[in-house]
Number of protein chains: 2
Amino acid sequence: MNSPKNTVTSKDVAKLAGVSQSTVSRVFIPGSSVSEKTKQKVFEAAKALNYRPNAFARSLTTNESRLIGLVFPDADYPIHMKTLQLISSELQKQGYSTVLIPWQVDEKDNHSIPNIFQYRVDGVIAASATFNKTLYEECEEFNIPVVQYARVVEGTRSSYVISDNYEAGQQAAQLLHKTGVTSAVYLTGEVPTFTNVERKNGFIAEFEELAGQTPRVVEASYDYTSSLDTIRELLQTSQRPEAVFCATDNLAMAVMDVARLECGLDIPDDLQVIGFDNIPQTEWLSYQLTTFRQDFKRLARESVKIIVDQICNQNSSLVKMMVPVKLIERKTTKV
Amino acid sequence: MNSPKNTVTSKDVAKLAGVSQSTVSRVFIPGSSVSEKTKQKVFEAAKALNYRPNAFARSLTTNESRLIGLVFPDADYPIHMKTLQLISSELQKQGYSTVLIPWQVDEKDNHSIPNIFQYRVDGVIAASATFNKTLYEECEEFNIPVVQYARVVEGTRSSYVISDNYEAGQQAAQLLHKTGVTSAVYLTGEVPTFTNVERKNGFIAEFEELAGQTPRVVEASYDYTSSLDTIRELLQTSQRPEAVFCATDNLAMAVMDVARLECGLDIPDDLQVIGFDNIPQTEWLSYQLTTFRQDFKRLARESVKIIVDQICNQNSSLVKMMVPVKLIERKTTKV
DNA sequence: CTGAAAGCGCTTACAG
DNA sequence: CTGAAAGCGCTTACAG
């Protein structure tokens with residue numbers, strides 16, 4: 001059953017290098033006092049034997065795992081892959097490894113959580129649309145710091161770093177008002193996430209302020225296909241808006257498709273469209289969508305910085321950070 | 001520094017339950033001989049104290065970590081998120097947790113690998129376009145089994161489970177021949193991956209067999225935007241093919257966009273297009289792309305099954321598995 | 001079925 | 001700067 005694996009221990013290295021086991025251990029702990037000469041001897045022996053310190057044994061004594069649990073989204077929303085990549089390599093730079101916490105909404109099977117806490121993660125980064133309160137409470141119970149990435153779940157009291165969605169909403173309103181729009185719609189998905197609500201609020205407040213009109217809010221779905229009917233209704237009514245600001249690029253593209261292919265509308269002349277996320281498809285020839293880019297790299301870096309700080313400093317306080325977004329003007333809005 | 005965390009140990013539980021520490025341990029090892037009565041006492045005490053066995057301590061004695069390293073892609077190709085989700089939850093069902101092995105191609109920084117081996121993963125699943133030979137060799141050295149998911153890297157000798165790409169190529173050829181196509185192009189990305197080459201070969205062989213013509217192979221890129229020029233050339237020449245089979249859906253959509261928006265062609269009347277992957281965009285109104293769906297769920301399940309088997313049975317042999325793909329006919333091919 | 005004890009591979013005071 | 005020894009929280013023969 002037990003495969004041989006790499007069974008080289010610090011004792012083996014010690015023997016080969018002619019030093020004690022504790023000395024070998026010290027060599028691999030940054031900042032320990034070891035003479036340059038023995039350090040070299042040990043390194044050589046370690047390399048010869050292909051020695052790797054056993055992280056489990058280390059964790060057992062130090063009481064820190066240098067493992068971060070990552071809660072990730074279940075949707076295959078295109079943006080998320082990069083997120084994982086960014087967070088994981090940022091974490092690695094700080095000496096942490098990433099262990100996945102797969103989180104199924106639909107399954108009631110609670111076994112999923114306990115499992116992962118057997119590994120004593122030092123902290124949790126929640127980059128998930130489905131991170132929920134149960135997991136959050138588990139973390140609290142075990143006194144594990146958590147930071148939410150790019151979103152914040154209602155009812156949780158953890159650190160988070162998100163894009164400045166309110167400001168994004170304002171910018172969208174400004175852009176549309178500048179081009180003379182007087183009637184606008186905010187098209188949203190079915191679940192009112194905090195970030196999405198913020199964006200809506202910014203949009204509405206700013207548009208009211210500038211244009212003296214309150215944008216209508218229309219609820220569709222976050223899924224392209226299941227939004228189509230709502231969009232058809234939205235566009236065919238006699239009170240069709242001059243512009244629609246969408247909660248996601250997917251939604252915006254659904255609007256474009258229906259507008260052009262089914263209603264024969266011209267974009268941006270008959271209808272202006274703004275998305276959110278800047279997924280790869282936004283720059284395709286068929287779309288050229290005006291949208292907002294979130295600075296995921298910065299979000300990743302900041303959330304890692306926060307979690308590490310939270311781990312190292314016992315009583316560092318919660319931090320809530322807003323990162324600015326970038327408006328990318330393409331061909332679906334007037335200039 | 002050391003946060004208190006959950007510091008409840010089996011000793012604490014033992015005391016509360018009035019049994020020995022070894023008994024507590026046994027209770028949490030499936031199949032151990034413990035009387036039902038003490039089992040209950042221990043469970044109660046454990047629940048009261050919110051006890052979780054420490055996986056690190058366990059690993060230290062059992063010499064297995066129940067941790068699988070997952071090498072994941074750096075590209076944000078839409079399909080991959082689901083992959084991660086599938087693999088990770090499949091692994092969880094088998095009692096394994098997933099630790100990420102972020103693999104950067106561009107960085108020469110070799111520190112990335114050693115780090116992860118400190119955690120003594122029991123096995124590695126490589127679901128990456130960038131999984132390379134260095135990592136593969138590291139695994140060999142440590143005697144860690146690896147299985148490649150949905151792809152296979154040249155020069156490696158590990159188990160893998162992939163889609164039957166040769167057959168997919170054949171099916172594409174059959175479909176096109178059936179609709180009377182006599183000139184076809186296989187449009188590929190810049191890197192000739194094994195799976196892609198297989199598909200090309202199947203397509204060419206079958207098309208030659210049926211139509212008596214050899215399809216031309218044109219090399220573009222896997223990226224939409226950087227493929228555009230190649231596609232323009234391909235379509236504007238007087239020898240424009242009647243059909244093009246593309247290595248990815250992205251590529252196929254680039255072909256569609258250029259054909260319709262720039263060349264004024266009708267699809268499928270003037271040009272038939274087949275993609276590969278069945279990404280969400282394929283069913284959008286603008287595309288309705290005929291393509292192939294890989295059975296990622298099955299791929300995930302099989303690769304997990306293989307890796308687990310490889311771990312448990314010392315000398316189980318390599319397994320190479322091909323899973324059939326499914327042709328999805330939409331509107332870009334004739335009936 | 002249960003307990004006492006050794007051991008897994010490290011880190012970390014404690015001496016020297 | 002270095003070594004001997006205790007201890008981290010488990011599992012697992014070994015007795016009973």
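Letters A, B, ... mirror the listed sequences (proteins, then strands); counts begin at 1.
- When A:Leu91, A:Val71, A:Val146 are each tested for a side chain to side chain contact (heavy atoms under 4.5 Å, CB included) with A:Ile125, only one passes: A:Leu91.
- Here the P atom of nucleotide D:dC8 and the CG atom of B:Asp12 are 11 Å apart, to the nearest Å.
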Exercise for review: Taking Watson-Crick and G-U wobble pairs with both distances under 3.5 Å, convert DNA chain C into its dot-bracket string, 5' to 3', dots for unpaired and | for cross-strand pairs.
Suggested key: |||.||||||||.|||
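- The listed nucleotides are D:dG9, C:dT12, C:dG9; the one nearest the side chain of A:Thr9 is C:dG9.
- Within residues 26-48 of chain B, the residues having any heavy atom closer than 4.0 Å to DNA chain D are, in order of number, B:Arg26, B:Ile29.
- Between B:Phe142 and B:Phe117, the ring-plane angle classifies as parallel under the 30° and 60° cut-offs.
- Ion pair A:Glu138/B:Arg52 flagged as a salt bridge, since at least one NZ, NE, NH1 or NH2 atom sits closer than 4.0 Å to an Asp/Glu carboxylate oxygen.
- With respect to B:Lys93 and B:Glu90, a salt bridge is recorded, a charged nitrogen being found less than 4.0 Å from a carboxylate O.
- Residue B:Phe56 is the one, among B:Ser22 and B:Phe56, whose nearest nucleotide of DNA chain D lies closer to the 5' end (criterion: closest heavy atom).
- Counting to the nearest Å, the P atom of C:dC1 and the CD atom of B:Gln21 are 18 Å from each other.
- Considering OH of B:Tyr149 and OG of B:Ser303, their distance stands at 6.5 Å, rounded to 0.5 Å.
- In terms of modelled atom types and a separation under 3.5 Å, the side chain of B:Asp12 and the main chain of B:Thr9 share a donor-acceptor contact.
- Listed candidates were D:dG3, D:dG9, C:dC10. Nearest to the side chain of A:Ser20 is D:dG3.
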Practice item. Give the intermediate values and the outcome of side-chain contact (heavy atoms from CB on, under 4.5 Å) for residues B:Arg66 and A:Tyr119. Key: CA-CA 10 Å; B:Arg66 301 197 77 77; A:Tyr119 288 98; 3.5 Å; yes
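- If you measure from atom CZ of B:Arg58 to atom P of D:dT12, you get 10 Å, rounded to the nearest angstrom.
- Following rounding to the nearest Å, A:Glu64 (CD) and D:dC8 (C1') show an atom-to-atom distance of 13 Å.
- Taking every side-chain heavy atom of A:Thr62 into account, C:dT12 is the closest of C:dT12, D:dC10, C:dG9.
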